[in-house]
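Heavy-atom basis, side chains included; hydrogens, waters and symmetry copies ignored.
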Amino acid sequence: MPAFADIAIDPPLADSYRALALLRRDGDGGIAPPAVQMVGSGGAVLERDLPMVDLERLTRGGAGERKACAGAMARAASEWGFFQLTNHGVSRELMEEMRREQARLFRLPFETKEKAGLLNGSYRWGNPTATSLRHLSWSEAFHVPLASISGADCDFGDLTSLRGVMQEVAEAMSRVANTVAAALAEELTGRGGGGASAAPWFPAGCDETTCFLRLNRYPACPFAADTFGLVPHTDSDFLTVLCQDQVGGLHLMKDSRWVAVRPRPDALVVNIGDLFQAWSNNRYKSVEHKVVANAKTDRLSVAYFLCPSYDSLVGTCGEPSPYRAFTFGEYRKKVQEDVRTTGKKIGLPNFFKHSSVQ
């Protein structure tokens, strides 16, 4: 019987790294290592504070405060594609409880996480289909459909308290996401004047059965100098709400340079997804972002993805739109097809009315 210390907890990321590093040395990869790509042409990455928005001004303020708050979010969505929220209604105690449960979950043996079907079989790690180091993410996650969390067939194993905490977190982050999304939509359509009583019409097709909660862990990485925690990408949703710990590592593209996001205690990070950029006719920006690996310590985060049903039309805030009509299902299918055939996501350019992308 092996000792507990001998049981592998981490996924075999080091094996993937070594195999891909051999490919690069043999000339099959033919790419610059990620460390070169991290800093870009301007040298060291700068650490910046994201625009900060007090959400209580929207939910409890007078008409003037509500309008100012919605306007601040809209400016940040246009100029940064990211912003942070304070006074958002998700308590520090709840997120600390979520982090404790998350740590217990990820301390399970790798074989259990991969093969036991926990949390609706939603476990994933690294990128087993990666063909180069630029495609390898040094991370593991449970990407859980909200509809499954309360279901009797969603197995939580011995983590009996995890279900209730996840449900509470999902409900709290859902309220934040819906409030922010409706206010941002109203800024472009003029409905409601940016008020807190945003109509539930936006985004169409989004409810508790279509969204996702993702529990992330980024293990300490011995190859951190040339490894991504999560490869550069944009989010294929309307809106993402992120709660991260204080380790740091989130970077985003701003003015053609990578910028490191300084973690702020008790703040939630919001970023615009591809679908919101399309709906807004490119007024709001779905910005490329990544997580860099950390050589010394693990990083934990929880992300809520505001997604419509697969058959929902994404729509537009007004014509003329640069995009043809498409459903979320079409978008997801095309992204997966592009990643499978080209190794990268093309995303929105596929859906321009006069697209030259093949």
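By the 4.5 Å heavy-atom criterion applied to side chains, Pro203 and Leu306 are counted as neighbours. Counting heavy atoms from C-beta outward, Phe142 and Lys113 have side chains that approach closer than 4.5 Å. Taking 4.5 Å as the limit, every side-chain heavy atom of Arg100 sits out of range of all side-chain heavy atoms of Val165. In this structure, the side chains of Cys243 and Val90 stay at 4.5 Å or more apart for every pair of heavy atoms. Looking only at side-chain heavy atoms (C-beta outward), Val231 and Arg134 stay at 4.5 Å or farther from each other. In this structure the side chain of Lys290 never reaches within 4.5 angstrom of the side chain of Met253, judged on heavy atoms. Arg217 has its side chain out of reach of Gln102: every pair of non-hydrogen atoms, C-beta onward, lies at least 4.5 Å apart. Between Pro11 and Glu114 the shortest side-chain heavy-atom distance does not fall below 4.5 Å.
Of all heavy-atom pairs spanning Phe328 and Pro308, the tightest one is CD2-O, 3.2 Å. A pairwise comparison of heavy atoms in Gly126 and Leu13 identifies CA-CD2, 3.7 Å as the closest pair. Across every non-hydrogen atom of Arg214 and His143, the tightest pair is NH1-ND1, 3.4 Å. Heavy atoms only, all atoms of each residue included: Ala293 and Thr227 are closest at CB-O, 3.4 Å. Scanning all heavy atoms of the two residues, the minimum distance from Glu288 to Pro232 falls at OE2-CB, 3.3 Å. For Leu20 against Ala130, the heavy-atom pair with the smallest separation is CD2-O, 3.5 Å.
If you chain together hydrophobic residues whose side chains sit under 4.5 Å apart, Leu46 and Leu252 never meet in one group. Tracing side-chain contacts under 4.5 Å through hydrophobic residues (I, L, V, M, F, W, Y), one never reaches Leu230 starting from Val259; they form parts of separate clusters. Cluster annotation: Met52 and Val287 are assigned to distinct hydrophobic clusters (Ile/Leu/Val/Met/Phe/Trp/Tyr, side-chain heavy-atom contacts under 4.5 Å, transitive).
Looking only at distances, a side-chain donor or acceptor of Arg66 sits under 3.5 Å from a matching main-chain atom of Gly61. For Thr189 (side chain) and Cys317 (main-chain N/O), no donor-acceptor pair under 3.5 Å exists by modelled atom type. At least one donor-acceptor pair under 3.5 Å links the side chain of Ser139 to the backbone N or O of Gly229. A donor-acceptor pair under 3.5 Å links the side-chain atoms of Ser91 to the main chain of Leu94, judged by distance alone. Looking only at distances, no side-chain donor or acceptor of Ser78 sits under 3.5 Å from a matching main-chain atom of Ala74. Without hydrogens or angle criteria, Thr341 side chain to Glu337 main chain gives a donor-acceptor distance under 3.5 Å. When atom types are taken as modelled, the side chain of Ser280 and the backbone of Gln277 share a donor-acceptor pair closer than 3.5 angstrom.
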Practice task
Using the side-chain contact (heavy atoms from CB on, under 4.5 Å) rule, take Lys334 and Phe351 through it: C-alpha gap first, then chi angles, then the decisive distance, then the call.
Solution key: CA-CA 10 Å; Lys334 185 59 178 170; Phe351 295 88; 3.9 Å; yes
Practice task
Evaluate the side-chain contact (heavy atoms from CB on, under 4.5 Å) criterion for residues Arg163 and Ile149: first the C-alpha distance (whole Å), next the side-chain angles of each, then the deciding distance (0.1 Å), finally the verdict.
Solution key: CA-CA 7 Å; Arg163 185 196 301 268; Ile149 295 176; 4.2 Å; yes
Handout entry: From CA spacing to verdict: side-chain contact (heavy atoms from CB on, under 4.5 Å), Tyr323, Thr316
Key = CA-CA 9 Å; Tyr323 300 100; Thr316 175; over 6 Å; no
Practice task
Determine, step by step, whether Phe106 and Leu215 satisfy the side-chain contact (heavy atoms from CB on, under 4.5 Å) criterion, reporting the C-alpha distance in whole Å, the side-chain angles of both residues, the deciding distance to 0.1 Å, and the verdict.
Solution key: CA-CA 9 Å; Phe106 284 115; Leu215 311 182; 4.2 Å; yes
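Evaluation of the side chain to side chain donor-acceptor pair (under 3.5 Å) rule for Arg48 yields no partner, not counting sequence neighbours. Under the side chain to side chain contact (heavy atoms under 4.5 Å, CB included) criterion, Arg57 pairs with Asp54, Glu65, Ala68, Cys69, sequence neighbours left out. Scanning for side chain to side chain contact (heavy atoms under 4.5 Å, CB included) contacts around Leu313 gives Ala325, Thr327, with sequence neighbours left out. For Thr297, the side chain to side chain contact (heavy atoms under 4.5 Å, CB included) test picks out Val247, Asn294, with sequence neighbours left out. With sequence neighbours excluded, no residue forms a side chain to side chain donor-acceptor pair (under 3.5 Å) with Tyr284. Residues satisfying the side chain to side chain contact (heavy atoms under 4.5 Å, CB included) criterion with Ala220, sequence neighbours excluded, are Asp298. In terms of the side chain to side chain donor-acceptor pair (under 3.5 Å) criterion, residue partners of Tyr304 (sequence neighbours excluded) are, by chain and number, Ser174. Among residues two or more places apart in sequence or in another chain, the side chain to side chain donor-acceptor pair (under 3.5 Å) test is passed with Ser122 by none.
Within 6.0 Å of CZ on Arg283 lie no more than 12 heavy atoms contributed by other residues, nucleotides or ligands. The local environment of CD in Glu96 is crowded, with over 12 non-hydrogen atoms from other residues, nucleotides or ligands closer than 6.0 Å.
Counting only residues at least two apart or on different chains, the ring pair (Phe, Tyr, Trp, His ring centres under 6.0 Å) pairs with a member in residues 59-99 are Phe82-His289.
Through chains of ILVMFWY side-chain contacts below 4.5 Å, Phe212 is grouped with Phe305.
When only modelled atom types and interatomic distance are considered, Asp226 and Tyr17 share a side-chain donor-acceptor pair under 3.5 Å. Side-chain atoms of Ser301 and Asn216 include a donor-acceptor pair closer than 3.5 Å.
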Show me the donor-acceptor pairs, under 3.5 Å and distance only, between side chains in residues 153-162 and residues at least two apart or in other chains.
residue, atom, partner, partner atom, Å
Asp155, OD1, Gly157, N, 2.7
Ser161, OG, Glu101, OE1, 3.3
Ser161, OG, Glu101, OE2, 2.5

Let me check something: any side-chain donor-acceptor pairs from residues 266-274 under 3.5 Å, sequence neighbours excluded? List them with distances.
residue, atom, partner, partner atom, Å
Asp266, OD1, Arg92, NE, 2.8
Asp266, OD1, Arg92, NH2, 3.4
Asp266, OD2, Arg92, NE, 3.4
Asp266, OD2, Arg92, NH2, 2.6
Asn271, ND2, Asp235, OD2, 3.0
Asp274, OD1, Thr234, OG1, 3.0
Asp274, OD1, Ser286, OG, 2.7
Asp274, OD2, Thr234, OG1, 3.4
Asp274, OD2, Tyr331, OH, 2.6
Asp274, OD2, Lys345, NZ, 2.6

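Of the inter-residue distances, the one linking Leu146 atom CG with Asn120 atom CG reads 11.5 Å to the nearest 0.5 angstrom. Put simply, CD on Glu330 and CG on Asp311 are 11.0 Å apart, with the number rounded to the nearest 0.5 Å. The structure places CZ of Arg262 at 10.0 Å from CD of Gln84, a figure rounded to the nearest 0.5 Å. Atom-to-atom distance recorded for Ser150:OG and Glu208:CD is 9.0 Å, nearest 0.5 angstrom.
Under a 4.0 Å N-O distance rule, the pair Glu56/Arg60 qualifies as a salt bridge. Ion pair Lys353/Glu319 flagged as a salt bridge, since at least one NZ, NE, NH1 or NH2 atom sits closer than 4.0 Å to an Asp/Glu carboxylate oxygen.
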